Structures are given as C-alpha cells and as structure tokens.
Amino acid sequence: PPSPPAPLQMRFPVSPRGLLSYLVTLHILRLGSDGFRVVGPGYPLRATVGQDVVLPCHLSPPKDAQSLEILWIRHQFSEIVHHYRNGEDQYGDQLRAYWGRTELVRAGLPNGSLDLRILGLRPSDDGQYVCTVQNADSYAEASVDLEVAGVWPVWGFQGTVRVSVGLCVPARPLSHPPTQQLRAKGQVVGST
C-alpha cells in the first residue's frame with residue numbers, strides 16, 4: 001500500500017507546539033474572563049519613521065499590572081513584539097526586528113497602564129498591534145493601529161515627498177519643476 005503524504009510543516013518565530021499551547025490557554029481563559037478589560041486608544045496612532053512612539057493600553061478597572069503576563073504581538077502575524085512575565089521582560093521569543101527597540105513603560109504598571117514604547121520607528125512597524133494580558137483567572141486583549149509615515153529626499157527635486165499608506169504628496173511646495181520627466185524605470189521621456 002502507498003504511504004500517506006508527508007504533513008505540511010509551517011515555521012513560526014516560536015515552536016508551533018508552544019504557540020498553539022499558548023493560544024489555546026488564552027482562548028480558554030478568555031471564555032471565563034470577567035476580572036478586567038484591556039482598553040486601547042480606539043483610534044489609529046500616526047507617527048513618522050525615526051520617531052519613538054508609545055502604544056497606549058490600560059486595564060479597566062485600573063489595577064496593579066506588575067504581576068500579570070503582558071504580551072504585545074503583531075496581529076496579522078502573531079509575532080511577539082514584547083513579552084513581560086513575573087516582573088521581567090522576556091526576550092527569548094521576541095521578533096528579531098524589535099530587539100533592543102521596545103520597552104514596557106513600567107512606571108504605569110501599578111496603575112494598570114500597559115503602554116509599550118517602540119524606539120526608532122521603521123516603515124515595517126506600520127500595522128496592527130494587540131496587547132494581551134492574563135493571570136491565573138482572566139484574559140483580555142485590545143488592539144492598537146499604528147500608521148507609520150516617512151519623509152525621504154526625492155532625486156531631481158528641491159523638496160521632500162511624504163509617503164503614507166501608498167500616497168505620495170509633496171511635504172512642502174517644490175521650488176522649481178523637475179528638469180526631466182522620468183518613467184518608472186528611470187528612462188528619460190522629455191525635458192522641461
């Protein structure tokens with residue numbers, strides 16, 4: 001008889017078994033969750049490449065969050081941006097792109113603040129983040145949308161172009177029109 005086909009394997013930033021176990025635990029805890037809620041800003045945050053930004057999130061009702069497990073993940077990818085447990089940051093499963101660039105704002109933890117600071121924003125930081133919080137009895141989460149814009153110099157112009165969500169517009173009026181019109185691949189079409 002023919003042998004069964006080999007199962008497909010997926011790669012995760014953490015072991016698949018560990019991630020699955022964590023997600024199942026979170027789901028079970030969420031079903032019985034009534035101890036607290038996690039609240040995000042309710043509107044998208046906007047920041048510029050290179051800036052530092054704080055993703056706001058807090059517990060409702062306010063309670064000391066120092067003993068809770070706090071996990072910030074990228075929603076689309078379920079990748080760990082920052083992990084806090086047992087009073088310490090846990091860097092073992094953190095996504096490499098965030099190494100040395102995130103910090104939980106600990107001063108707010110006694111009042112239920114779960115804010116995450118991201119240092120030196122990059123275009124790839126654009127997207128949705130989810131703050132999850134759990135203890136032995138409860139689980140809750142909230143999402144924060146971050147829109148990252150950038151300012152880059154444009155060759156052939158005296159000025160800059162601001163790029164945000166696929167839209168390119170001059171950041172300030174250009175001092176003169178371009179001296180050459182270029183196609184997308186850099187071929188000269190005409191001159192002015």
Side-chain angles (χ1 to χ4, degrees), residues 12-149 164-165:
F12 294 94
V14 295
S15 72
R17 180 177 290 162
L19 183 59
L20 179 61
S21 172
Y22 183 78
L23 292 175
V24 167
T25 300
L26 292 180
H27 180 68
I28 291 170
L29 289 172
R30 187 173 188 179
L31 293 175
S33 174
D34 61 355
F36 53 80
R37 290 184 314 120
V38 176
V39 181
Y43 55 86
L45 302 177
R46 291 178 178 88
T48 302
V49 169
Q51 287 183 329
D52 297 347
V53 68
V54 174
L55 305 182
C57 204
H58 66 275
L59 295 175
S60 180
K63 70 178 266 179
D64 187 346
Q66 294 176 97
S67 63
L68 300 176
E69 183 169 9
I70 303 165
L71 190 64
W72 280 89
I73 60 173
R74 291 294 304 264
H75 180 66
Q76 183 177 0
F77 307 110
S78 297
E79 297 170 328
I80 296 173
V81 174
H82 196 90
H83 189 186
Y84 173 89
R85 181 179 58 215
N86 299 325
E88 296 183 10
D89 296 311
Q90 309 290 316
Y91 296 108
D93 297 331
Q94 186 179 35
L95 184 63
R96 182 173 292 194
Y98 293 94
W99 286 0
R101 298 181 48 233
T102 64
E103 57 189 25
L104 198 62
V105 182
R106 293 186 183 217
L109 289 174
N111 302 317
S113 175
L114 312 167
D115 296 353
L116 179 73
R117 180 176 290 117
I118 302 177
L119 307 171
L121 279 179
R122 301 173 181 173
S124 59
D125 294 334
D126 187 273
Q128 188 176 63
Y129 294 78
V130 178
C131 175
T132 69
V133 180
Q134 72 175 15
N135 64 13
D137 303 318
S138 299
Y139 166 83
E141 67 181 41
S143 63
V144 178
D145 291 314
L146 175 62
E147 296 175 359
V148 179
S164 178
V165 195

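Not measured: the values here are computed from a predicted model.
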Supply the atom-to-atom distance [X] [atom1] to [Y] [atom2], rounded to the nearest 0.5 angstrom.
| X | Y | atom1 | atom2 | result |
| --- | --- | --- | --- | --- |
| Leu109 | Leu104 | CG | CG | 5.0 Å |
| Ile80 | Ile73 | CD1 | CD1 | 8.0 Å |
| Tyr129 | Leu116 | OH | CG | 8.5 Å |
| Asp145 | Gln128 | CG | CD | 4.5 Å |
| Leu59 | Ile70 | CG | CD1 | 7.5 Å |
| Leu68 | Lys63 | CG | NZ | 5.5 Å |

For residues [X] and [Y], report the shortest heavy-atom separation together with the two atoms involved.
| X | Y | answer |
| --- | --- | --- |
| Ser143 | Pro41 | O-CD, 4.3 Å |
| Gln134 | Tyr139 | CB-CD1, 4.1 Å |
| Val144 | Leu45 | CG1-CD1, 3.7 Å |
| Ala107 | Pro110 | O-CD, 3.5 Å |
| Arg74 | Gly127 | NH2-CA, 3.7 Å |

Within the structure provided, determine whether Trp72 and Cys57 are in side-chain contact (heavy-atom separation under 4.5 Å).
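When only atoms from C-beta onward are counted, Cys57 and Trp72 do touch, with a gap below 4.5 Å.
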Using only atom types and a distance under 3.5 Å, with no angle test, would you say the side chain of [X] pairs donor to acceptor with the backbone of [Y]?
| X | Y | value |
| --- | --- | --- |
| Arg122 | Ala97 | yes |
| Asn135 | Asp137 | yes |
| Arg37 | Ala142 | no |
| Glu79 | Leu95 | no |
| Arg101 | Leu119 | yes |
| Asp126 | Val148 | yes |
| Asn111 | Ser113 | no |
| Tyr84 | Glu103 | no |
| Thr132 | Leu71 | yes |
| Gln94 | Val81 | yes |

How far apart are the C-alpha atoms of Glu141 and Val38, what are their side-chain angles, what is the distance that settles it, and do they pass the side-chain contact (heavy atoms from CB on, under 4.5 Å) test?
CA-CA 5 Å; Glu141 67 181 41; Val38 176; 5.6 Å; no
Is there a side chain to side chain donor-acceptor pair (under 3.5 Å) between His83 and Glu69? Walk through the geometry before answering.
CA-CA 8 Å; His83 189 186; Glu69 183 169 9; 2.6 Å; yes
Applying salt bridge (charged side-chain N to carboxylate O under 4.0 Å, His left out) as the test, list every pair that has at least one member in residues 52-61; sequence neighbours left out.
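Of all non-adjacent pairs touching residues 52-61, none passes salt bridge (charged side-chain N to carboxylate O under 4.0 Å, His left out).
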The criterion is side-chain hydrogen bond (donor to acceptor under 3.5 Å, both in side chains); which residues satisfy it with Arg46, sequence neighbours excluded?
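Checked Arg46 against side-chain hydrogen bond (donor to acceptor under 3.5 Å, both in side chains); matches are Glu147.
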